[in-house]
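Owing to the predicted nature of the structure, the values given are computational and were not obtained by experimental measurement.
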Amino acid sequence: MRSARTPGSRALAAVVLASALLAGCAQPTGPADPRGGPAERSARSAKNPTHTQQPYRRWGLTAPLPAPPSPPARRTPHPAGDRLPVVHRVPTRDRVVFLSYDDGAEKDPRFVDMVRELRLPVSMFLTDSVVGPGYGHFARLRSVGASIQNHTLHHAALRGLPYAGQRAEICGQQNKLRARFGIRPRLFRPPYGTYDATTLRAAAHCGVTAVVLWRAAMEGDGGLTYAGGPARLRAGDIVSVPSGEPAGLSLRERTTRLLREIQQRGLTVGRLEDYL
């Protein structure tokens with residue numbers, strides 16, 4: 001004869017059965033992964049594929065740029081009076097070259113990212129009539145380490161112009177850049193690389209301390225041409241990279257090609273203003 005269950009025993013059995021069912025359905029617990037599960041991490045990676053990618057690879061390089069050496073204790077000495085130095089390359093034993101960009105026609109926001117992520121100490125020689133309303137772009141470049149320098153108001157060929165005209169072109173851009181950025185540049189590049197004694201006198205009176213030309217220039221197709229000396233990059237070279245090419249490679253693409261060539265020569269990029 002089976003014993004009858006009391007209401008209390010039946011309630012207890014129901015509780016035990018429910019507990020067993022819940023235990024069977026529960027998932028194992030452990031410390032939470034702050035990165036989320038694999039699916040969540042994969043979704044984030046798809047949204048931001050460069051999150052874990054090295055910056056140099058993102059910009060087309062196979063290795064990071066070596067850090068430049070410490071700046072020299074003394075800059076290149078300047079002649080006294082109105083005789084400004086005219087510099088094509090810097091006399092230095094440091095394994096550095098210097099990147100300078102002319103005019104200011106190209107205003108690609110990704111070039112700002114490139115300068116920031118690669119920590120490129122570039123020098124931007126700006127012409128007011130070319131930059132137009134785009135000074136905000138160069139303010140962003142300056143905020144990530146680029147320097148701002150003078151390339152005249154209207155990109156006029158200065159050689160042969162009277163003193164008043166040359167001074168207006170140079171001092172006028174000094175004033176524009178001071179109004180925009182609160183600085184008076186020390187370096188000046190004459191348009192087309194042409195100048196005369198009047199240019200040097202006018203530039204000195206406008207507060208310029210050196211006239212900067214170049215030994216190497218990059219063309220729109222990424223090729224380099226050289227103004228004297230060996231046809232290869234060497235320590236101390238100043239490289240001119242014009243902007244606003246109507247055809248050919250973008251400023252970012254030309255810069256990548258230039259950086260590859262710099263690395264192949266066992267060089268890195270220095271800050272021109274540290275040496276002049």
Given side chains that start at C-beta, do those of [X] and [Y] come closer than 4.5 Å, heavy atoms only?
{"X": "Trp59", "Y": "Arg110", "value": "yes"}
{"X": "Thr152", "Y": "Phe188", "value": "yes"}
{"X": "Ser123", "Y": "Phe98", "value": "no"}
{"X": "Leu259", "Y": "Leu99", "value": "yes"}
{"X": "Asp94", "Y": "Tyr275", "value": "yes"}
{"X": "Thr199", "Y": "Leu84", "value": "no"}
{"X": "Glu117", "Y": "Tyr56", "value": "no"}
{"X": "Leu213", "Y": "Pro190", "value": "yes"}

Hey, could you give me the [atom1]/[atom2] distance between [X] and [Y], rounded to the nearest 0.5 Å?
{"X": "Asp102", "Y": "Met218", "atom1": "CG", "atom2": "CE", "answer": "13.5 Å"}
{"X": "Met124", "Y": "Tyr101", "atom1": "CE", "atom2": "OH", "answer": "7.0 Å"}
{"X": "Arg95", "Y": "Leu267", "atom1": "CZ", "atom2": "CG", "answer": "4.5 Å"}
{"X": "Leu120", "Y": "Met114", "atom1": "CG", "atom2": "CE", "answer": "6.5 Å"}
{"X": "Tyr226", "Y": "Arg232", "atom1": "OH", "atom2": "CZ", "answer": "9.0 Å"}
{"X": "Ile262", "Y": "Leu65", "atom1": "CD1", "atom2": "CG", "answer": "7.5 Å"}

Tell me whether Ile148 is reachable from Val130 by hopping between hydrophobic residues (I, L, V, M, F, W, Y) whose side-chain heavy atoms are closer than 4.5 Å.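 No.
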
Do you reckon Tyr163 sits in the same ILVMFWY cluster as Ile170, going by side-chain contacts under 4.5 Å, direct or chained? no

Ionic contact status for Arg265 with Glu261, cut-off 4.0 Å: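 Answer for the salt bridge query: yes.
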
In terms of side-chain geometry, is the basic nitrogen of Asp113 or Arg116 positioned less than 4.0 Å from the acidic oxygen of its partner?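 Looking at Asp113 and Arg116, the cut-off is met.
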
N/O donor-acceptor pair under 3.5 Å between [X] side chain and [Y] backbone:
{"X": "Arg271", "Y": "Gly145", "answer": "yes"}
{"X": "Arg254", "Y": "Pro242", "answer": "yes"}
{"X": "Arg189", "Y": "Val212", "answer": "yes"}
{"X": "Arg257", "Y": "Gly223", "answer": "no"}

Regarding [X] and [Y], is there a side-chain donor-to-acceptor distance under 3.5 Å anywhere?
{"X": "Thr198", "Y": "Gln166", "answer": "no"}
{"X": "Glu106", "Y": "Ser250", "answer": "no"}
{"X": "Gln174", "Y": "Asn150", "answer": "yes"}

Neighbour count above 12 (heavy atom, 6.0 Å) for Arg184 CZ: yes

In a table with atom names and distances, give each donor-acceptor pair under 3.5 Å that connects a side chain of residues 153-162 to protein atoms at least two apart or in another chain.
{"from": "His154", "atom 1": "ND1", "to": "Glu169", "atom 2": "OE2", "distance (Å)": "2.9"}
{"from": "His155", "atom 1": "ND1", "to": "Tyr192", "atom 2": "OH", "distance (Å)": "3.2"}
{"from": "His155", "atom 1": "NE2", "to": "Asp103", "atom 2": "OD1", "distance (Å)": "3.1"}
{"from": "His155", "atom 1": "NE2", "to": "His151", "atom 2": "NE2", "distance (Å)": "3.3"}

Taking ring-ring contact (aromatic ring centres under 6.0 Å, His included) as the definition, give me every residue that meets it alongside Tyr195, ordered by chain and number, with sequence neighbours left out.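 By the ring-ring contact (aromatic ring centres under 6.0 Å, His included) rule, Tyr195 matches no residue at all.
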
